[in-house]
Amino acid sequence: MFNYQHLRYFLYFILCFSLGFTLNSSAQAQTELPKKNIIILIDGQDSFTKSLLPEIKKELFLVSKGKYALSDIQILNGGWEKAQIEQNTLRTLQRTDVDLIISRGIFSAQTLLEDQRNIPVILSNIFDPKLLNLETRANKSTTPNLTYVEKQITIADDLNLFHKIVNFKKVHILVDPLYLSFAKKLVKSISKNTSKIKVIPYQTNVEETLNFLKKDNCQAVYLTPSVLLSKNEYKSQIDALNQASIPSFSMNGVIDVEQGVLAGQTPQFIQKLARRVALNADQILQGTNTSDISVRFNWTSKLVINRQTASALNLSIPFDLLLDADVLYDDKGTGDKLSIYRAVEEATQNNLSFRIIDEQIKQSRYDHLTNWSSYLPQLDFNLDYEVNDSETAKNNPIANKEFFQYAFTLSQVIFSDPLIRNIRNSKKQVRVRKLEKDSQGLDITDQTSKTYLNYLRSKALLKVEEEDLRSIEHHLQMAKKRVDVGSGGPDEVLRWNSEMAETKSNVLRRKANVFQTKIALNQLMNRPQELAFDEEDVGLETVDYYLGSQYMRDIITNLKKALTFVNIMITEGFENSPELEALSIGIEQQTLTRNTSLRRFALPEASLFGELSHKIHKKNLSLATAPTNDSDDWSLLLNVNYPVFEGGNKIFDSLKQNSEVHRLIYQKELKMQQIELSIRTAAYEMYHSLPSIELLKESLRNASENLSLMEKKYTNGTANITDLIDAQNEKFRREGQAVIAIYDFLEDLYSFDRGISQYYSLSPLGIRENFYNRIKNLMG
């Protein structure tokens with residue numbers, strides 16, 4: 001009889017046997033992996049090493065999976081003591097259980113080279129092989145059992161680039177005292193004239209280092225990493241150099257440039273370096289000879305410049321260097337904070353055009369007073385003294401030997417129609433000049449606000465072009481890799497190089513636009529034209545902030561409401577316009593002139609003249625009998641003048657003045673048409689530009705997604721380079737439109753404000769709210 005209980009026990013036995021066999025096989029496979037032992041030697045702990053070592057250990061365990069078993073990686077720290085470093089190195093070389101040595105430090109590397117055994121060695125991050133007399137053949141080490149990871153950039157490369165930026169005659173290199181001899185040895189190998197490069201040690205006191213540099217007439221400083229100085233002390237050294245106006249370049253590159261160093265070209269590469277060391281170690285532990293491993297450590301080096309430091313040092317970086325550089329803090333000014341409101345305020349207070357028109361207003365007042373003075377009494381004083389020879393005095397009955405007298409002459413205009421006209425018109429002219437100033441103020445506000453927007457627009461477009469350039473650089477590197485692996489042709493590299501050249505040209509043009517708009521804005525504010533300022537980007541605000549309310553947005557985006565609103569604002573524009581008021585006054589002035597010319601046919605001019613004279617002394621030698629009481633003389637004259645006929649002059653003059661009245665009337669009507677046209681045009685532009693802000697953003701999102709898809713297709717080989725370039729150009733074209741959309745709308749808004757002769761959008765919030773409430777009431 002079949003027993004199910006026995007069957008169950010049998011199946012359970014088979015299952016346990018199978019699981020035990022599998023687990024045993026797995027454990028046996030694990031124990032069968034060869035064991036490898038790696039020792040890491042370091043001269044001492046610094047910030048770079050502290051970050052690098054965990055990354056190296058992590059990468060080593062990652063690459064070893066399934067190939068060999070790594071024991072716990074031991075790190076021997078020399079503590080920056082030469083004796084301890086040498087002791088750690090020699091003890092490691094004497095060990096028989098070590099499969100690989102990784103060295104991080106010059107002194108441990110030097111000891112390894114002097115007492116080389118059969119243990120393979122990797123020297124990590126050798127920034128200049130000349131220091132250790134390392135030689136290569138075909139980018140591979142010629143030293144037995146040793147390879148290294150060579151940093152592409154050498155001190156000589158850094159100094160050459162630094163010289164292009166600063167053009168110094170002598171440079172000081174700051175190094176830790178520990179590495180002083182190595183640095184001096186290096187300087188001799190890279191420069192025949194060592195007087196141009198002076199190596200000095202860091203001092204524990206930052207002020208001591210700075211004082212030495214000043215005494216030695218330091219022109220530029222090259223900074224090397226320091227273990228002597230703490231992180232805060234090193235930052236203080238950078239700040240002290242900047243305060244002393246000494247340009248600096250750092251071997252550490254971007255890490256120090258972010259802290260205030262002027263420039264550097266070493267990127268952040270810790271993770272990439274750790275990966276490369278681990279891959280070299282993996283090859284060696286699997287049997288590859290060190291002489292077959294390339295020492296070149298390829299990265300994309302790039303000049304990095306601190307814009308704030310350059311501005312503080314008053315340095316002008318050459319365009320060709322700026323073009324290929326990453327500029328840190330480029331969007332932060334070094335001068336006063338400047339907003340569009342402050343820019344307009346400064347321009348309307350300080351612009352020289354206002355000083356000119358203020359003088360014209362003064363002149364108009366003086367003209368008015370001058371005309372008034374012609375209607376006031378005029379008093380002249382004369383003093384006469386006469387001497388003749390005796391013969392003349394005897395023979396001429398009216399000639400005196402001596403004659404001395406004074407006289408007062410009084411004149412008074414009784415009635416003069418042209419003079420009255422001049423007085424009245426000159427008073428009106430003062431008002432016209434004030435209106436011209438108001439008009440000038442509106443024009444200055446318009447120019448300043450739009451120049452400010454153009455400056456922001458130029459900077460935004462420059463950023464887009466620079467981003468485009470970085471994208472092209474990325475695609476160029478991708479194309480080079482495709483050529484290396486055989487999936488692309490050299491034509492792709494040439495095409496991307498062509499695109500890069502064109503984009504660099506665009507970047508230069510955009511930079512020029514930024515400089516041009518900056519000096520134009522400073523000129524409008526009557527500032528030094530190269531004065532730096534830290535501008536506030538109006539694009540950071542919301543559109544509703546400038547409109548003031550959702551109500552205004554609804555009006556602008558609704559065509560029917562917009563037409564009603566525009567009609568209301570045209571009437572307000574006519575009322576506010578200083579140009580229309582000035583033309584109205586001009587018509588009044590010309591009407592007075594015309595009427596005066598007509599009254600010349602009927603009205604005469606009348607004036608009164610009087611004279612009083614007193615003889616102080618008189619000596620008469622003639623035989624003629626002179627009056628005895630002739631000391632005082634006086635006279636009084638009333639003059640009435642009426643030109644009867646002037647050859648038609650009155651007729652022609654009156655016709656001319658009447659024609660001038662009509663000309664001014666037509667000019668006023670034309671100005672009203674122009675104001676209406678500017679208001680309607682600006683309103684329709686806002687009707688388009690306001691909704692375009694979101695539409696262009698949506699267009700940019702679609703273009704960006706399309707570019708991402710095309711990049712994937714290009715990488716997979718399903719799209720050609722032309723498709724990728726078209727997608728990239730379209731994306732950056734859309735980005736350019738999107739980032740300046742807010743500026744385009746604000747420019748339309750300011751044009752509208754100029755049309756109505758009142759800048760509500762630049763007014764305080766309270767004034768804007770009153771304006772919006774009034775519009776609500778008018779529109780019902």
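Side chains are part of it too, since the values below use all heavy atoms of this structure and drop only hydrogens, waters and symmetry mates. When a residue number appears, it is its place in the shown sequence, counting from 1.
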Under 4.0 Å between a side-chain nitrogen and a carboxylate oxygen: does that hold for E572 and R774? yes

Note, Y684 side chain near D748 side chain (heavy atom, < 4.5 Å): no

*N454 side chain near Y743 side chain, heavy-atom distance below 4.5 Å*: no

**Q.** 4.5 Å side-chain heavy-atom contact, L592 and K428
**A.** yes

- Keeping the roles fixed (side chain from T517, backbone from V514), state whether a donor-acceptor pair exists under 3.5 Å. yes

Taking every heavy atom of S577 against every heavy atom of S757, the minimum-distance pair comes out as CA-OG, 3.5 Å

CD of E685 to CD1 of I556, rounded to nearest 0.5 Å, is 12.5 Å

D438 and K434: salt bridge (charged side-chain N to carboxylate O under 4.0 Å, His left out), yes or no, with the steps? CA-CA 6 Å; D438 293 341; K434 291 180 178 179; over 6 Å; no

Quick one: does any side-chain atom of S505 pair with a main-chain N or O of A501 as donor and acceptor, under 3.5 Å? no

Contacts table for residues 253-260: side-chain donor-acceptor under 3.5 angstrom, sequence neighbours left out:
{"unit_1": "D256", "atom_1": "OD2", "unit_2": "Y234", "atom_2": "OH", "d": "2.6"}
{"unit_1": "D256", "atom_1": "OD2", "unit_2": "S250", "atom_2": "OG", "d": "2.6"}
{"unit_1": "D256", "atom_1": "OD2", "unit_2": "N252", "atom_2": "ND2", "d": "3.3"}

Requested in this report: Might you work through the ring-ring contact (aromatic ring centres under 6.0 Å, His included) test for F752 and F565, ending with a clear yes or no?
Outcome: CA-CA 12 Å; F752 184 82; F565 172 70; 5.6 Å; yes

TODO: Answer yes when E535 and K518 have at least one side-chain N-carboxylate O distance shorter than 4.0 Å, and no when they do not.
DONE: no

Heavy atoms of L321 and L161 approach each other most closely as CD2-CD1, 3.9 Å

Here the gap from I555 atom CD1 to Y772 atom OH, rounded to the nearest 0.5 Å, amounts to 9.5 Å

Practice prompt. Report yes or no: does S692 contribute a side-chain atom to a donor-acceptor pair with the main-chain N or O of L695 at less than 3.5 Å?
Written response: no

Would you say that V327 contacts E466 through its side chain, given a criterion of any heavy-atom pair below 4.5 Å between the two side chains? no

The salt bridge (Lys or Arg N to Asp or Glu O under 4.0 Å) partners of E698 (sequence neighbours excluded) come to R701

Strictly below 4.0 Å, N to O, side chains only: are E536 and K337 in salt-bridge contact?
no

Is it true that atom CD of Q529 has more than 12 heavy atoms of other residues, nucleotides or ligands lying nearer than 6.0 Å? yes

- Task: Please answer whether the main-chain N or O of V493 pairs with a side-chain N or O of N497 as donor and acceptor at a distance below 3.5 Å.
- Result: yes

Check: Distance only, no hydrogens: is a donor on one side chain within 3.5 Å (strictly under) of an acceptor on the other, for N522 and E530?
Finding: no

Does R495 form a salt bridge (charged side-chain N to carboxylate O under 4.0 Å, His left out) with E492? I'd like the steps, not just the answer. CA-CA 5 Å; R495 181 66 187 274; E492 295 185 14; over 6 Å; no

Those residues at least two apart in sequence (or on a different chain) that pass ring pair (Phe, Tyr, Trp, His ring centres under 6.0 Å) with Y687 are none

Sorted by chain and residue number, the salt bridge (Lys or Arg N to Asp or Glu O under 4.0 Å) partners of E473 (sequence neighbours excluded) come out as K302

Please check if any side-chain donor atom of S689 sits under 3.5 Å from a side-chain acceptor atom of D744, or the reverse. no

Exactly one of Q673, Q674, R680 clears side-chain hydrogen bond (donor to acceptor under 3.5 Å, both in side chains) with E676, and that residue is R680

- [ ] Take atom CZ of F515 as the centre, draw a 6.0 Å sphere, and report whether it contains more than 12 heavy atoms from other residues, nucleotides or ligands.
- [x] yes

- Message: salt bridge (charged side-chain N to carboxylate O under 4.0 Å, His left out), that's the test. Do E735 and K731 meet it? Break it down for me.
- Response: CA-CA 6 Å; E735 184 175 6; K731 184 261 184 181; 3.2 Å; yes

Q | Ion pair K463/E467, N-O distance below 4.0 Å | A | no

(request) Without swapping roles, check the side chain of D753 against the backbone of S761 for a donor-acceptor pair under 3.5 Å. (result) yes

For the side chain of Y452 and the backbone of L338, is there at least one donor-acceptor N/O pair under 3.5 Å apart?
yes

- Under 3.5 Å, is there a donor-acceptor pair between the side chain of N526 and the main chain of L352? no

Q: Would you sort out whether Y759 and L442 count as a side-chain contact (heavy atoms from CB on, under 4.5 Å), showing the intermediate values?
A: CA-CA 8 Å; Y759 278 86; L442 292 170; 4.0 Å; yes

Could you tell me if the side chain of S426 sits less than 4.5 Å from the side chain of S364, heavy atoms only? no

Side-chain H-bond candidate by donor/acceptor type, S699 with R734, under 3.5 Å = yes

Distance col, row L313:CG vs Q243:CD, nearest 0.5 angstrom, shows 11.0 Å

Any I165 side-chain heavy atom under 4.5 Å of P247 side chain: no

message: I'd like to know if K362 and D358 make a salt bridge, using a cut-off of under 4.0 Å between side-chain N and carboxylate O.
response: no

Going by heavy atoms in the side chains, are K713 and D723 under 4.5 Å from each other?
-> no

Handout entry: Residues S439 and E579: side-chain donor-acceptor under 3.5 angstrom
Key = yes

Applied to residues 443-455, the salt bridge (Lys or Arg N to Asp or Glu O under 4.0 Å) test, sequence neighbours excluded, yields D443-R754, D446-K450

Using modelled atom types only, decide if a donor and an acceptor are shared between the side chain of T718 and the backbone of Y714 within a distance under 3.5 Å. no

So CG of L707 and CG of L724: to nearest 0.5 Å the spacing works out to 6.5 Å

Interatomic distance, CG@L677 vs OG1@T681, rounded to 0.5 Å, equals 4.0 Å

Sorted by chain and number, sequence neighbours left out, ring pair (Phe, Tyr, Trp, His ring centres under 6.0 Å) with F162 holds for F168, F249

inquiry  = Would the distance check show the side chain of Q589 and the main-chain N or O of N425 forming a donor-acceptor pair, the cut-off being under 3.5 Å?
reply    = yes

- NZ of K427: more than 12 outside heavy atoms within 6.0 angstrom? no

I'd like to know if the side chain of N351 and the backbone of M525 have a donor-acceptor N/O pair within less than 3.5 Å.
no

- request: Could you walk me through whether R355 and E359 pass the salt bridge (charged side-chain N to carboxylate O under 4.0 Å, His left out) test, one step at a time?
  value: CA-CA 6 Å; R355 299 184 184 180; E359 295 302 321; over 6 Å; no

task = Using the side-chain contact (heavy atoms from CB on, under 4.5 Å) rule, take R431 and E581 through it: C-alpha gap first, then chi angles, then the decisive distance, then the call.
result = CA-CA 10 Å; R431 176 59 181 163; E581 186 177 349; 2.9 Å; yes

Checklist entry - Does some side-chain heavy atom of N706 sit less than 4.5 Å from a side-chain heavy atom of N702? => result no

Is it the case that the side chains of E499 and H475 hold a donor-acceptor pair, with the cut-off being a distance below 3.5 Å and no angle test?
no

For S471 and Q728, test the side chains for any donor-to-acceptor distance below 3.5 angstrom and give the result as yes or no.
yes

Assess whether atom CG of N777 is packed by more than 12 heavy atoms of other residues, nucleotides or ligands within 6.0 Å.
yes

